[in-house]
Participant: 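Got a structure for you, questions after.
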Amino acid sequence: MTSYQSILDWINYPDPMINPYYPFGDIYNLPYDICYKLWEIIGGTIAWLINLIFPGNSVSTWLVCDMTTNFFALILFMVVIFLVVFVGVLISLWEERKVLGRAMDRRGTMIGMMGFLQCVADGFKTFMKDNIQTKKGDNMTYIWTVSLIIGTSMLIACMIPLSDRWFVVNYDTGLLIIMALYALAPFFILVSGWSQNNKYSLIGGIRAAEMMVAYEVPMLIIIATASLLAGSFNIGDIVQAQYDTMPYIIPMCIGFVTFFLCATAEAERSPFDLAEAESELVEGWQTEYAGMKWGLIMLADYMRGYVSCAMITILFLGGWDLPFIGDLNNVMPEIVFLLKTWFVFFLMIMLRCAVGRVRTDTILNLGWKVFMPLSIVNLMIVLILKVGGIF
Amino acid sequence: MTMDYLDKYRDGRHKSWKDLWIMKPIVVVTKVFNKTVVHRPVTVLYPYESLWEPDNYRGRPALDFNKCIGCGMCVRMCPCTAIILVDCPDDEGNNVERPQVNMGRCAFCGYCAEYCPEDAMTVTPIVELAEYTRSDLIYGPRRLAYDHTTEGMKVKLEETLISDYKAGNGEKRYLHSKIDRPELESSKCISCKKCFKVCPAKAIVMTEHGKNAKGRPILWPEINNETCVSCNNCVDACPKQALHMKEVL
């Protein structure tokens, strides 16, 4: 047994890859590394303090052994991954408020840090609100659907990899899993709109289901096209393939426009916010949700917007890589990815500013008569490029 | 064939192809965005900065206590009956009548300042009048004072009479006393001197016009046109309706 003399004997920053319980195989994971070393500091300090009082005890050595460090590092890993996504979403919320304000010739929010703290103020405000609930609604579905909507939105937002070293899971079918979870929300919205026993909510829920029929198919065709071009469903492989050839916005420019509109519809952002059309239906399917439930629904909305933008970044803009700068890409790929995501979000905000909400029949027209042929045309172009041997 | 297909997509509201082109509003929005990012937006940060206000901005009325003659013109003209005359001591301790404004009723029309014959009542740019109780909103004569009165705040009554206009004289009349003035119907006058007592401008002198059957002097009011402010007080006070407001021709 090693002799522990000072605190530095407890904290020695080992490489997490050497840990036999390292959960990510042989791929380096930056947030896990950060959390591993964070636990080295926290756990090592606790172990040192306990060891000062009871020298030679087994709890201290337990706190810094491989298995325990791995366990607590994974818990911290969850917190870190969520916090990064959360802050990223709050920044996109702030961006929306500021850009929308400027585009309307006003200032947007002005509360602290150029208006960023308005998000925090809104959070506190919704916390203090009464939690009002309908008596005649179906309470179980009412509560469970909203939990599921928020849960799946946060899950996919956390599952988006920020770089090839910042990921949660590295599936070969990562893209499909994210899109599958992403497409779940309209079902929950339908059930939730029904359970509230309110005409506005029911219309909102039915509109969500109707809209999903319109945009989901062309969207999946374009995703399949992009993965056909890259030859993989793995997000890392798609980004790497774009780095090796060119960002897919160049061969798939038609697909980019179509996917952009479909992704806006998927995130239920204006002009496709039929389900919560606050000027026609009060808040659509969110009418009966009060207090923090509503606040979390809004957060989930923005998380889905963030996921839409991240998918566009991954599929069309080359993900976390920038062209022509070579090895410099390894410096801050996460920041590059987030900046690209916020840029795409900026385009979405501009779209929201410019055009009015589509009608329910127009979205179906658009989905089946415009987006669908365009995605097929896009697929044909990609097939020609692929067969022609360019990619 | 393609055009047929696209025609089918068009739902009748879109007469031209360009209507489907969503780039136009996006370009407009981007222009506004670029302009407001480079320059300031049109809105101001209100509590910290405010817009420029003109001198004759109709804020709360203000009173110059010593210029006021207590004629009650503002009370008479106020459309919301927000103003009443109250008794209060002036600087020498004499009891005088001065207007008191209830800001809870005030509509900020500025008529009191327009009709004031002495320009004692003025408008001010003050609009932040929030108080905790409604009684706090009642501004007494001394509280109505305002230090930074400029010439522009003494708003004038500008009126063109139709009779003037028809006579080919379109000039504006700036004072109420140039429009209406009390006139005496001397056959009704009973020499009671009430008009003399209520005149705030001391414009009425009682002059003797012979003696009556009992040997008492017959006193008729003589109105000095220079000092008369046409405040209507003498007309209201006359017990026999011997005084009337007549238009100045």
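Computed from a prediction, not measured in an experiment: that's the story for all the values here. So that the names make sense, note that chain A is the first sequence line, chain B the second, and so on, each numbered from 1.
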Participant: Would you say that more than 12 heavy atoms from the other residues, nucleotides or ligands in this model lie under 6.0 Å from the CE of A/Met114, or not?
Facilitator: no
Participant: Check this for me: A/Phe260, atom CZ, are more than 12 non-hydrogen atoms of other residues, nucleotides or ligands nearer than 6.0 Å?
Facilitator: yes
Participant: Once salt bridge (Lys or Arg N to Asp or Glu O under 4.0 Å) is applied, do any residues pair with B/Glu158, and if so which ones, sequence neighbours excluded?
Facilitator: B/Lys172
Participant: Which answer fits B/Lys35, side chain, backbone, both or neither, if we ask what part of it has an atom under 4.5 Å from a heavy atom of chain A?
Facilitator: side chain
Participant: Heavy-atom count check: over 12 atoms from other residues, nucleotides or ligands less than 6.0 Å from B/Lys67 NZ?
Facilitator: yes
Participant: Sub-4.5 Å heavy-atom contacts with chain B: which residues of residues 93-108 of chain A show up?
Facilitator: A/Val99, A/Arg102, A/Ala103, A/Asp105, A/Arg106, A/Arg107
Participant: Looking at B/Leu45, I want to see if its CG is surrounded by more than 12 non-hydrogen atoms of other residues, nucleotides or ligands under 6.0 Å.
Facilitator: yes
Participant: Please find the pair of heavy atoms, one from B/Val29 and one from A/Ala354, that lie closest to each other, and give the distance.
Facilitator: CG2-CA, 3.7 Å
Participant: Apply salt bridge (Lys or Arg N to Asp or Glu O under 4.0 Å) to B/Arg58 and list each qualifying residue two or more places apart in sequence or on a separate chain.
Facilitator: B/Glu114
Participant: Residues two or more places apart in sequence or in another chain: which of them pass salt bridge (Lys or Arg N to Asp or Glu O under 4.0 Å) with B/Asp55?
Facilitator: none
